[in-house]
Undergrad: 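Handing you a structure now.
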Amino acid sequence: MNRDCILSEGVLEKIMNGATIPYPVLQVLGSKKMVSNNIKDSERLRLLLSDGKYKINVAMFTVPANSQDALELYSVIKLIRYFSNVIRSKDKRDMRVLIILELELIYEGRTVGRTIGDPTTLTDNEFPTSQSSDSSNFAGSSITLYRRKNENGDLFGDTKTISPIASLNPFHNNWIIKARVINKTSIRHWCNSRGEGKLFSCDLVDRSGEIRCTAFKELADKFYECLNVDKVYYISRCLLQPINRQFCNLKHDFEMTTTPETQVEECLDDDLLIPKVNYNFTTLDKVAAMVGGTIVDVIAVCKSVSELQTFTSKSTNRDLKKKEVLLVDQSKTGICLTLWGMNAESFNHSDQPVVSLKNAKICEFRGNKTITPVMGSLLKVNPDIPDAYKLRKWFDLDGNQVEFNNVSAKTTIGNVPWMTFKEAQRYSQDHGDQGFYFQTYATILLIRVDRAVYKSCPTPECQKKVIDLENGMYRCEKCNREYPEFKYRFLVSMNVSDMSGSQWVTLFSAEAEKILAKTAQEIGEAMEHDQESVGKLFDEVQFKQFLFKIRAKMESYNDEQKLRMIVVSTSPITFEDHNAYLIKKIEELRG
DNA sequence: CCCCCCCC
């Protein structure tokens, strides 16, 4: 095969003069592992590359950790992402290099087996080494000369150029950035098979861009107090590594790690030109299409907020607090924001505010997407930014009336579809196995008083029914233990009816307590002494009407398929919503 | 070098 024509002949001269040529094809004529001071780094290569006409020996490439490809002699590669940049070498000489962020192996070296063409070496003199072509990207913004008296003969002692964050890369060592900390995590400990330690990270911005900086172990302690949110710092001598986009959506190809040589110095004359937060918002319709685990920035209106829910995790036995917020935006998409712990408790905004989230995680459960803040996320209510005002205006003008496509349908908030019991029974024939949610406006007809409460295991995380040994002890089969006491719990079976017919439904403690306005303990104790009063209490609830949100699922009992319906929430009916549903139904009937 | 972030 004649491969003489496959290289992008002459392209290196253009690239090394600042041009960006899409996907140049080059040949590897040599490679050498780079060694840098005190940083163990076997994956950085300095490459000798040829375009068939010219060759350069100043191409740098960080081999991705999972790369299977070997860049052996004579390989032919295609550059996917790259740029040329001026760096200062150890001998303080400026030189222009080609930095390759991503490449594709086209032909393995052994199949090519020779040098293509007769390339001549392009030397430094043939391409410019002034910073001008780089700085033009940041139009007179954060490239400033930082002059300072030499106080301690230290790093900032002589005249230095402040580098834009966007220009940082692993091949450029003598940089200083002037950046604002816009977000900082707390110190977190980890322990896994590879070891243990602690860390924190913070996000840094300047006018050119943003980057994450992480400090590990003793450096976490050293720098935690030195770096504070909203403050501006001069930072230098961190290690740059390719970004892991699974956990960081900052717009940068690299992230930084502090080293023992890292210098941090607060900039006391706070530079107002340095922005506060760089958002990169994704609209909710796009969020819905992304895979679980992705980190995104979103801005949306809180259409509704659930009650605080508290429960115990079955897998970890931990007590959890949760609140669900329905987020909507102009893409007519609704998505559930799940808040946990402190975030859930402190979120008390029922006035439909705008919220912005930086670095929130997309979660996926049975195909339904939700969003949740994670370590390193930044949640703001009514942020003072143009996007927030735009959204506010849209929602107040017409967003309120829009019907949203809720992509977190299987949560207790948002658009749970209306169905009558009869419709739900029919729907369950095809969809009952995986379960579904619906809502209906129904009347309580009958509560089974005798079995409304049961004696449960006193261990909070168990809840299993105990056996009364009738000697003052109660046995839990699940815990395989006997206890001197038990705890009453609700398991209420109720017959309710809507316009289509009646249905037996189950209520657990939270909802039963709401309807009966008594705790399971109170009812249980009353049952022991005064069954009549309990009967009366249940009579009072009879014929009361609620909007029932129900989870329906086909379950098998002794080889028999049975449709089980669990009430997940009861609330007073809003006739506005119910009427809108009825009108829609009537219009459907009229065709 | 973390990357867990909880529930159905």
Side-chain angles (χ1 to χ4, degrees), chain A residues 39-41 43 65 184-203 212-221 224 238-239 241-250 255-260 292-295 306-324 336-345 357 359-379 408-414 416 434-437 460-461 463 506 508-511 549-553 555 564 566-569:
Chain A
I39 296 161
K40 57 169 192 296
D41 189 351
E43 302 305 331
K184 183 171 102 166
T185 70
S186 48
I187 290 188
R188 187 171 61 84
H189 293 255
W190 87 84
C191 182
N192 59 28
S193 59
R194 290 181 296 274
E196 59 179 308
K198 55 187 162 180
L199 76 144
F200 84 95
S201 66
C202 54
D203 295 341
R212 176 158 300 167
C213 178
T214 306
F216 289 95
K217 299 179 179 172
E218 63 279 358
L219 295 175
D221 290 327
Y224 190 75
C238 290
L239 174 67
Q241 292 170 310
I243 193 171
N244 186 339
R245 297 205 187 274
Q246 202 186 336
F247 304 109
C248 181
N249 82 328
L250 299 191
E255 44 195 325
M256 314 200 307
T257 306
T258 59
T259 71
T294 311
I295 304 287
S306 78
E307 297 286 306
L308 184 72
Q309 298 166 53
T310 57
F311 52 86
T312 308
S313 160
K314 279 183 191 124
S315 49
T316 61
N317 281 344
R318 270 198 286 178
D319 283 327
L320 300 173
K321 293 191 175 105
K322 183 178 91 165
K323 212 174 255 182
E324 290 178 326
C336 172
L337 165 68
T338 310
L339 300 173
W340 296 95
M342 286 291 287
N343 267 339
E345 278 184 284
L357 279 148
N359 299 325
K361 186 173 140 184
I362 302 175
C363 298
E364 195 169 342
F365 180 70
R366 291 188 192 158
N368 288 288
K369 302 283 166 49
T370 57
I371 297 179
T372 196
V374 293
M375 180 80 71
S377 297
L378 183 66
L379 183 147
S408 325
K410 283 185 178 177
T411 55
T412 53
I413 56 150
V416 177
Q434 67 264 41
F436 61 96
Y437 287 82
E461 58 272 17
Q463 309 191 8
T506 304
F508 293 115
S509 286
E511 290 311 308
K549 286 187 183 167
I550 292 170
R551 185 168 72 237
K553 195 173 192 297
E555 282 174 14
R564 187 164 147 91
I566 290 163
V567 175
V568 293
S569 93

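Values below: every heavy atom of this structure, side chains too, minus hydrogens, waters and symmetry copies. Within every chain, numbering begins at 1; the chains are lettered A, B, ... in the order of the sequence lines, protein sequences first and strands thereafter.
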Undergrad: I need the NZ-P distance between A:Lys369 and B:dC8, as an integer number of Å.
TA: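 Computing the A:Lys369:NZ to B:dC8:P distance gives 21 Å.
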Undergrad: Is there a stack between A:Phe365 and B:dC8, judged by ring centres under 5.5 Å and planes under 30°?
TA: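 Whether judged by distance or by angle, A:Phe365 passes, so it stacks on the base of B:dC8.
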Undergrad: Output the rounded distance in Å from CD1 (A:Ile295) to C1' (B:dC5).
TA: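 Rounded to whole Å, this separation is 10 Å.
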Undergrad: Taking atom P of B:dC2 as reference, at what distance in whole Å does atom CZ of A:Arg188 sit?
TA: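 Answer to the nearest Å: 9 Å.
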Undergrad: Out of B:dC7, B:dC2, B:dC4, which has the shortest distance to the side chain of A:Phe216?
TA: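 Of the candidates, B:dC2 comes closest.
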Undergrad: Check this one for me: any side-chain N or O of A:Trp340 less than 4.0 Å away from OP1 or OP2 of B:dC5?
TA: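 Checking A:Trp340 against B:dC5: no side-chain N or O falls below 4.0 Å of OP1 or OP2.
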Undergrad: A:Trp340 and side chain to side chain contact (heavy atoms under 4.5 Å, CB included): which partner among A:Lys323, A:Lys321, A:Lys322?
TA: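 Passing option: A:Lys322.
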Undergrad: Could you walk me through whether A:Leu379 and A:Asn343 pass side-chain contact (heavy atoms from CB on, under 4.5 Å), step by step?
TA: CA-CA 9 Å; A:Leu379 183 147; A:Asn343 267 339; 5.5 Å; no
Undergrad: Which whole-number value in Å describes the distance from A:Met256 CE to B:dC2 C1'?
TA: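 Interatomic distance, CE of A:Met256 to C1' of B:dC2: 16 Å.
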Undergrad: Starting at atom CG of A:Asn244, determine the distance to atom C1' of B:dC4, rounded to an integer number of angstrom.
TA: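 For the pair A:Asn244 CG and B:dC4 C1', the rounded distance is 15 Å.
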Undergrad: Can you sort out the partners of A:Leu199 under side chain to side chain contact (heavy atoms under 4.5 Å, CB included), two or more places apart, ordered by chain and number?
TA: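 Here the qualifying residues are A:Arg188, A:Trp190, A:Thr214, A:Phe216.
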Undergrad: Grab the CZ-C1' distance between A:Arg194 and B:dC1 for me, whole Å please.
TA: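 For the pair A:Arg194 CZ and B:dC1 C1', the rounded distance is 8 Å.
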Undergrad: Of the options B:dC5, B:dC1, B:dC6, whose atoms approach the side-chain atoms of A:Arg318 most closely?
TA: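 Side chain of A:Arg318 sits closest to B:dC6.
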Undergrad: Please classify the nucleic acid contact of A:Arg551 as base, sugar-phosphate, or nothing, using heavy-atom distances under 4.0 Å.
TA: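 Sugar-phosphate: the residue A:Arg551, judged by heavy atoms under 4.0 Å, touches backbone atoms but no base.
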Undergrad: Just the rounded figure in Å: distance from C1' of B:dC6 to NZ of A:Lys321.
TA: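 Nearest whole value for this atom pair: 13 Å.
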Undergrad: Taking only side-chain nitrogens and oxygens of A:Asn192, does any of them come within less than 4.0 Å of OP1 or OP2 of B:dC4?
TA: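 No, outside the criterion.
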Undergrad: Taking side chain to side chain donor-acceptor pair (under 3.5 Å) as the definition, give me every residue that meets it alongside A:Arg318, ordered by chain and number, with sequence neighbours left out.
TA: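 A:Arg318 satisfies side chain to side chain donor-acceptor pair (under 3.5 Å) with no other residue.
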Undergrad: For A:Glu196 and B:dC1, give me the distance from atom CD to atom P, rounded to whole Å.
TA: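 These atoms are roughly 17 Å apart.
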Undergrad: Go through the steps for A:Thr258 and A:Cys213 under the test side-chain contact (heavy atoms from CB on, under 4.5 Å), then give the verdict.
TA: CA-CA 7 Å; A:Thr258 59; A:Cys213 178; 3.8 Å; yes
Undergrad: Please tell me which of the listed nucleotides, B:dC6, B:dC1, B:dC7, lies nearest to the side chain of A:Phe311?
TA: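 Given the options B:dC6, B:dC1, B:dC7, the side chain of A:Phe311 is closest to B:dC7.
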Undergrad: Looking only at side-chain atoms of A:Phe247, point me to the closest of B:dC3, B:dC5, B:dC7.
TA: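 Closest nucleotide to the A:Phe247 side chain: B:dC3.
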Undergrad: At 4.0 Å (heavy atoms only), tell me whether A:Lys361 reaches a base, stays on the sugar-phosphate, or touches nothing.
TA: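 Answer is sugar-phosphate: A:Lys361 comes under 4.0 Å of backbone atoms only.
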Undergrad: Looking only at side-chain atoms of A:Met375, point me to the closest of B:dC4, B:dC2, B:dC6.
TA: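 Closest of the options to the side chain of A:Met375: B:dC4.
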Undergrad: Given B:dC7, B:dC3, B:dC5, identify the nucleotide with an atom nearest to the side chain of A:Glu255.
TA: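 My answer, after comparing the listed nucleotides, is B:dC3.
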Undergrad: For the base of B:dC6, is there a side-chain donor-acceptor partner from A:Lys322 under 3.5 Å away?
TA: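 Between B:dC6 and A:Lys322, which were checked side chain against base, a qualifying N/O pair under 3.5 Å is absent.
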